[in-house]
Amino acid sequence: MEAIERPQCVHATGLRKSYGATIALGGVDLDVGAGEVHALLGENGAGKSTLVKILSGIVRPDEGAMTLFGEAYSPQSIRDARRTGVATAFQELSLVPNLSVAQNLLLPRGVKNALGLNSRKRTIEAGAAILEAHGLGRIDPAARIADLPLADKQRIEITRAVNQNPKVLILDEPTASLAEVDWVFDLIRSASDRGTAVLHISHRLDEVRALCERATVLRNGLSVATVDLKGADNAAIFEMMVGHAAQGTSRRGASRSVGDVRLAVEGLSSARLSNVSFSLREGEILGVAALEGQGQSELFRVLAGAEQPTKGRILLNGQPRRFKDTGDALNQGGGVAFVPEERKTDGILPGMSARAHITLSVLDRLAKFLVLTSRAETETAHAAGTAVDFADRYQKFPINALSGGNQQKAILARALATGARTLVLLDPTRGVDVGTKETIYGAIRRFAETGGSVVLYSSELAELVQLSDRCLILYGGAVFDELEGDEIQEHVLVAGVTGHRHEHHPRQSYKEEATA
Amino acid sequence: MNTATQTADAAAATSPSRQRPPLRRILSNGAVIIGLVYLTLYGIYALNEPSALTVYSFSSLMNNAAPLALAAAGVTVVILSRGFDLSVAGVISLTNVLMAVHPMEGAAGGLTSLALCLVLGGAIGAINGILVSYVKLQSIASTLGVMIVCQGAALLILDAPGGYVSDWISYGLTDVALEVLPISGLILLLVACLWGLFLRTDLAVGIYAVGADENAALLSGVRVRRVRLAAYILAGALYGFAGYMLSAQTATGNPNAGEPFILLAFAAAAIGGTSFAGGQGGIVGSMIGAATLMLLQKVLFSAGVSSFYTGLFQGVILIAAILFSGMLTTISNKGRAQ
């Protein structure tokens with residue numbers, strides 16, 4: 001397609017940002033013209049949200065330069081960005097729940113009366129006018145945000161950004177909670193007609209195609225390419241999101257003998273889950289692929305006894321079970337052990353030694369006459385630590401003094417030390433280095449080889465490709481698809497987690513590699 | 001925009017905008033509930049003790065309640081911003097000994113003392129605010145430290161109870177205006193009115209916003225750090241005012257004068273319907289809560305209950321109040337969840 005000549009609006013080159021050892025952005029270039037609707041595509045963790053934060057003035061890049069209409073742009077705060085003409089509707093929604101719709105629309109300032117004090121009446125009138133102007137006249141401007149349904153909150157979040165009348169409008173997953181999208185599309189198109197540069201972040205490719213001419217694809221914190229959407233089919237775009245390096249990801253070589261069904265769930269439902277059913281056999285690794293917030297955390301917490309489902313049941317070895325809490329889950333039907341997602345908040349107790357962490361869940365078994373013997377503790381911790389390659393010299397260290405990788409090993413060791421035959425692993429390699437990842441993969445595989453059952457969620461699809469025997473795809477709290485064996489390939493998973501059907505056929509290239 | 005309007009209308013049919021019924025809204029206001037409790041308790045008091053309805057009785061109740069009410073108002077401002085401030089005890093002790101050691105006579109002296117108390121309290125609040133919001137220390141730990149420093153400073157200024165507070169303050173502020181209106185009650189009313197005005201500033205909206213969801217407030221353009229700092233400064237000034245009113249009531253200095261206030265101030269805030277989770281409540285409820293705690297002492301005394309039982313009853317009332325407001329919240333949420 002012939003690109004329409006537009007004055008350049010946003011121009012960013014070489015943006016880099018690291019958080020400690022984690023590189024969030026390793027070099028991102030972005031170019032958006034005035035009046036253009038530009039898509040930003042990428043997997044989980046590709047760096048989209050960091051880029052949004054940098055453009056919105058919430059975080060400062062370590063390196064790189066940005067210009068806005070040719071002038072240097074380096075916002076020091078979100079207010080600064082707003083003043084310069086950049087407004088953002090955030091994915092996680094930035095509305096204050098205890099304030100009214102009108103107050104939120106006008107934050108941080110209310111409308112004043114003659115005495116310079118906020119006027120409730122005028123604030124509500126101003127809010128009503130804003131709502132009316134954006135086709136939301138039915139929403140009561142005096143209602144508290146907390147009392148509104150999620151979809152209306154999202155509409156208000158978007159309206160607030162659009163109402164700044166910005167030169168650059170950033171919409172991060174603006175349609176995530178909206179059943180129908182015409183309203184957003186109209187707003188985006190009219191903003192673009194006014195010459196606003198719109199950066200549209202969405203994982204729904206059909207929406208992106210309907211709105212945008214060009215897309216910038218991010219992968220592992222790098223901007224891989226800016227593509228003309230008319231000239232690229234979905235497969236090509238998924239390919240770019242996944243990367244060519246990932247295509248060669250070797251799948252687990254030895255295939256294990258898989259035994260009887262150990263864990264089965266039937267029709268699990270809760271606030272975030274709808275009718276999830278699957279089964280898990282002895283010696284099997286079941287992967288779960290999903291974008292963030294598709295119900296995987298809830299599902300795993302239910303499996304581990306940390307949350308109760310509103311409907312459905314869990315069967316262990318064919319027996320229906322109810323887990324009162326995670327401790328209860330450890331002691332039923334061979335045991336179900338959980339490795340939670342947020343290491344910092346759910347997984348570790350700062351100040352306690354690594355050894356104490358590893359043995360925490362089995363203290364009652366180690367104690368003789370209620371007294372914990374130091375030898376029993378040391379031996380158990382050593383045995384479990386060895387399984388995950390956790391060096392003995394770290395056993396006495398306070399857990400918070402260890403690197404993220406070693407913390408994660410200790411947490412996995414704790415799950416193994418319980419002797420549970422089922423492991424529920426929620427993103428066990430998040431934020432750890434490559435070497436530790438390999439160690440953790442090894443430990444998971446060995447566990448499965450000895451007949452253990454594993455259900456594993458990972459935000460890195462490549463990991464699921466490497467480890468899973470079967471893979472469920474969750475989308476919107478329901479099982480969207482199930483893949484088995486050679487069907488589990490990254491480009492198929494990317495399509496699935498973003499809600500696109502993909503034909504299940506083993507890829508040619510993979511077959512060739514496998515036979516070679 | 002045609003499609004947008006149509007879909008909006010369609011959505012309006014399925015999800016009408018929700019408003020809580022007025023009765024529920026009034027009942028879920030902590031100040032109203034505690035106000036009713038206070039009136040009920042006052043009724044019981046009047047039944048036991050006919051003199052309860054005299055001006056003298058009411059005035060003495062107000063004089064007793066004023067320091068705690070102001071202290072509770074101060075901690076409430078910080079709690080609203082989702083913080084915790086223990087320095088209240090230190091500021092009250094410090095301002096109290098300063099007034100007893102350096103009494104300033106006359107109206108001019110009394111007002112100068114007030115200004116000094118407010119400024120000193122505000123300055124200590126600023127230290128709290130900087131530690132919490134800019135240095136990012138935990139609020140309980142850092143305000144505990146500040147409290148201990150203030151207590152220590154109070155002991156340096158006056159090492160044992162003693163000194164005297166100027167007559168204009170100790171007599172004038174505990175007096176009755178126009179035969180029926182206790183001055184201390186009028187002062188509390190004035191503070192409540194000023195709070196009403198303050199609620200209509202962007203700063204007050206910011207405090208509630210930060211308390212409810214700090215991240216959302218930040219992303220909405222609220223200057224979170226500045227708002228926090230302001231909350232601590234305002235709270236400190238209110239503690240200074242509490243110390244001033246305490247001095248008026250006791251007419252003497254005591255380096256440990258502030259200590260009883262820590263727990264009771266937080267209790268008063270909780271009874272008055274302020275949520276410790278932040279962003280919900282207000283100082284009027286806390287002030288009435290404080291008055292209720294003090295009234296309870298009188299009621300128990302008038303009913304012939306030993307004063308040793310006071311703490312026990314105060315605790316029970318506190319728990320009952322929290323249970324009750326929790327129940328109301330659940331009910332009103334159920335009404336909305338449909």
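Proteins get letters first, then strands, A, B, ... in listed order; numbering begins at 1 in each.
Side chains of A:Ser77 and B:Arg223: no donor on one and acceptor on the other come within 3.5 Å.
Looking at A:Glu92, only its side chain comes within 4.5 Å of chain B, counting heavy atoms on both sides. Proximity to chain B (any heavy atom under 4.5 Å) is shown, for A:Arg189, by neither the backbone nor the side chain. Of the two parts of A:Arg82, only the side chain, counted from C-beta on, holds a non-hydrogen atom closer than 4.5 Å to a non-hydrogen atom of chain B. Contacts between A:Leu95 and chain B at a heavy-atom distance below 4.5 Å involve the backbone alone (N, CA, C, O).
Within a 6.0 Å sphere centred on CZ of A:Arg79, other residues, nucleotides and ligands contribute more than 12 heavy atoms. Within 6.0 Å of CD on A:Gln308 lie more than 12 heavy atoms contributed by other residues, nucleotides or ligands. No more than 12 heavy-atom neighbours from other residues, nucleotides or ligands sit within 6.0 angstrom of CZ on A:Arg120.
Note that the CG atom of A:Asn113 and the CZ atom of B:Arg200 stand 5.5 Å from one another [nearest 0.5 Å]. To the nearest 0.5 Å, atoms CD1 (A:Ile58) and CG (B:Leu219) are separated by 4.5 Å. We find the CD-OG distance between A:Glu157 and B:Ser220 to be 7.0 Å, quoted to the nearest 0.5 Å. A distance of 11.5 Å separates CG in B:Leu197 from CG in A:Asn118, rounded to the nearest 0.5 Å.
Of all heavy-atom pairs between B:Ala209 and A:Leu99, the closest is CB-CD1, 4.0 Å. Closest approach of B:Asp202 and A:Gly110 over heavy atoms only: OD1-N, 2.9 Å. Summarising the geometry of B:Asp213 relative to A:Pro97, their closest heavy-atom pair is CB-CD, 3.8 Å, with the distance given to 0.1 Å. Heavy-atom minimum distance, A:Leu117 versus B:Thr201: CD2-CG2, 4.0 Å.
In terms of non-hydrogen atom pairs under 4.5 Å with chain A, the most contact-rich of B:Gly211, B:Ala216, B:Ala204, B:Gly206 is B:Ala216.
For the pair A:Leu107 and B:Val205, the minimum side-chain heavy-atom distance is below 4.5 Å.
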Between A:Asn98 and B:Gln280, is a side chain to side chain contact (heavy atoms under 4.5 Å, CB included) present by the stated rule, with each step listed? CA-CA 8 Å; A:Asn98 60 344; B:Gln280 191 194 329; 5.8 Å; no
